[in-house]
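In what follows, a single structure is set out as structure tokens and then discussed.
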Protein chains: 2
Amino acid sequence: MSRNANGGAPVPEGGWLDGEQQRAWLAYIRVQLRLTYEMNRQLQSDSDLSLPDYDVLTALSVADGGPMPITVLAAQIGWERSRVSHHVRRMAKRELVSCGLSANDRRVTEVSLTRHGQQVLEAAALGHVELVRRLFFDGLPRELVGPLSQALESVYANIIAQGTLPPPVDWHPPGASDRRRAPGLT
Amino acid sequence: MSRNANGGAPVPEGGWLDGEQQRAWLAYIRVQLRLTYEMNRQLQSDSDLSLPDYDVLTALSVADGGPMPITVLAAQIGWERSRVSHHVRRMAKRELVSCGLSANDRRVTEVSLTRHGQQVLEAAALGHVELVRRLFFDGLPRELVGPLSQALESVYANIIAQGTLPPPVDWHPPGASDRRRAPGLT
DNA sequence: TGGCATTGCGTGACATATCACCTATGCTTT
DNA sequence: AAAGCATAGGTGATATGTCACGCAATGCCA
């Protein structure tokens, strides 16, 4: 797929990616693959958590550990609901979260962080942040942090708009007075 | 974990991420989660390939479909070897790749793209590129493409240097005359 | 040549993810 | 209130991924 000059082969609707885009995409893919691997590995060995576990805990934590319906949780972390359902059940068995029916709407299962889950997350965050800093930010020139944020935020907004997953509950399209503080993930 | 001001709690060695870094990291994580999901979904439904399948096919394709040892393949795409082993065996059952022992070193299993695998990849690339363009680049202002590439390439170099996975075979650290063309992935 | 550590992989058990489908609620209409 | 539809989730089968090991081919060195 690298070669473009294949006599008269079909071409995607909008054309192939141009040189600059290929460069960006290649870099993105490479970073993504390795970083995911490393984060998973570190969490697993230091805190006995998988990266998906950590994603769930973090999402709950950002919502003050408060009860959060499966569907909302799924939208926050970009998973399918059934995946969340399975995963949360397993995490409940490990006492990291607890599930209960909503008093209001009895179809809804609400997930909460347990005391233990919160402690585990706090402990895990230390090593995780350390790794992120070391692998990601130590390699990132200061002056590129801003542009990187801008770029990724633009892309994110577009993915929300074009993609198939529902937006997170707190989602508000960029633009108009978008200076709200993002909750400090991680 | 969002709150920093927790009376005297332990803090990661290098300190927490600062505001700008948190912003970048949050954006990265969000993009990553959704994008992976969407790519998987599109490939699956349009080409009957998973994203991991696609990663393998692409890596082989970039190497001209040529025979590639499991270990090398693993390093290219940032997987553990045993994962590659399992996955490649399954792909072989689907005639997407073929495996054979190296004549040279009989411990080595060499993986190759089959004719069929190549065709499938070419067909899949159409829709995949289309999706990437639509979700990623259509939302990315032109003037941010360069900075984004730079940023991610810096990060990648750092991950290679600091991480636990071996570098890809064609890896050469940045810096000195780094103007070689990257193979056009995807 | 006989150890002996190393390297490259495969394997089996188990953890996770996905897909298609099922149920229970709740909401709307009539 | 009954019918009909939408929504929230659970489930079970199957595909994938991970981990801990094991085995055979090599490399090294005495």
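Scope of the values below: all heavy atoms of this structure, side chains included, with no hydrogens, waters or symmetry mates. We name chains A, B, ... by the order of the sequence lines, and we start the count at 1 in each one. Remember, predicted model here, so these are calculated numbers, not experimental data.
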(request) Check every atom of C:dC9, D:dA25, D:dT18 against the side chain of B:Ser85 and return the nucleotide holding the closest atom. (result) C:dC9
(request) Would you check if there is a donor-acceptor pair between the side chains of A:Gln118 and A:Ser61 at a distance under 3.5 Å? (result) no
(request) State, without any angle test, whether A:Gln32 and A:Thr36 hold a side-chain donor-acceptor pair at a distance under 3.5 Å. (result) yes
(request) Find the distance B:Arg106:CZ to D:dG27:C1' and express it as a whole number of Å. (result) 15 Å
(request) Report the relative orientation of the aromatic rings in A:His87 and A:Trp79; use parallel for angles under 30°, tilted for 30 to 60°, perpendicular for over 60°. (result) perpendicular
(request) Name the closest nucleotide to the B:Val108 side chain, picking from D:dT18, D:dG9, C:dC9. (result) C:dC9
(message) Judged by each residue's nearest nucleotide on DNA chain D, which is more toward the 5′ side, B:Arg90 or A:Gln44?
(response) B:Arg90
(message) Please tell me whether A:Ser102 and A:Asp105 have a donor and an acceptor in their side chains that are separated by less than 3.5 angstrom.
(response) no
(message) Between the base of D:dT26 and the side chain of B:Arg107, is there a donor and acceptor pair under 3.5 angstrom?
(response) no
(message) How many whole angstroms separate atom CE of B:Met68 from atom C1' of C:dC9?
(response) 17 Å
(request) Kindly indicate whether the side chain of A:Arg90, heavy atoms from C-beta on, has any atom under 4.5 Å from the side chain of A:Arg94. (result) no
(request) Name the residue closer to the 5' end of DNA chain C, choosing between A:Arg83 and B:Glu110 according to the nucleotide with the nearest heavy atom. (result) B:Glu110
(message) Measure CG/B:Leu51 against C1'/D:dG17 and give the value in whole Å, please.
(response) 14 Å
(request) Could you please name the option among D:dT16, C:dG10, C:dA13 that lies closest to any side-chain atom of B:Thr109? (result) C:dG10
(request) Could you tell me whether the side chain of A:Ser82 has a donor or acceptor atom within less than 3.5 Å of a complementary atom in the base of C:dC19? (result) yes
(request) Mind telling me whether B:Tyr28 and A:Phe136 have parallel, tilted or perpendicular rings, with 30° and 60° as the class edges? (result) tilted
(message) Considering every strand and a 4.0 Å limit on heavy-atom distances, what is the contact class for A:Ser50: base, sugar-phosphate, or nothing?
(response) nothing
(message) Taking the minimum atom-to-atom distance to the side chain of A:Pro52, which one of C:dA17, D:dT11, D:dA6 wins?
(response) C:dA17
(request) Could you check how far CG of A:Asp55 sits from C1' of C:dA17, rounded to whole Å? (result) 14 Å
(request) For the side chain of B:Glu80, starting at C-beta, report the closest nucleotide among D:dT18, C:dT18, C:dG8. (result) D:dT18
(message) Which is more 5' along DNA chain D, the nucleotide nearest A:Asn40 or the one nearest A:Ile70? Just name the residue.
(response) A:Ile70
(message) If you compare every side-chain N and O of A:His87 against the phosphate oxygens of C:dT16 (OP1, OP2), does one of them come in below 4.0 Å?
(response) no
(message) With hydrogens left out and only the distance checked, is there a donor-acceptor pair under 3.5 Å joining B:Thr71's side chain and the base of C:dC9?
(response) no
(message) Between C1' on C:dA15 and CG on A:Leu49, what's the gap in Å once rounded to a whole number?
(response) 14 Å
(message) Between P on C:dC14 and NE2 on B:His86, what's the gap in Å once rounded to a whole number?
(response) 14 Å
(request) Check the distance between D:dG9's P and A:Trp79's CH2 and give it to me in whole angstrom. (result) 15 Å
(message) Categorize A:Arg81 for me: base, sugar-phosphate, or nothing, with a 4.0 angstrom heavy-atom threshold over every strand shown.
(response) base
(message) I need the OH-P distance between A:Tyr37 and D:dG17, as an integer number of Å.
(response) 14 Å
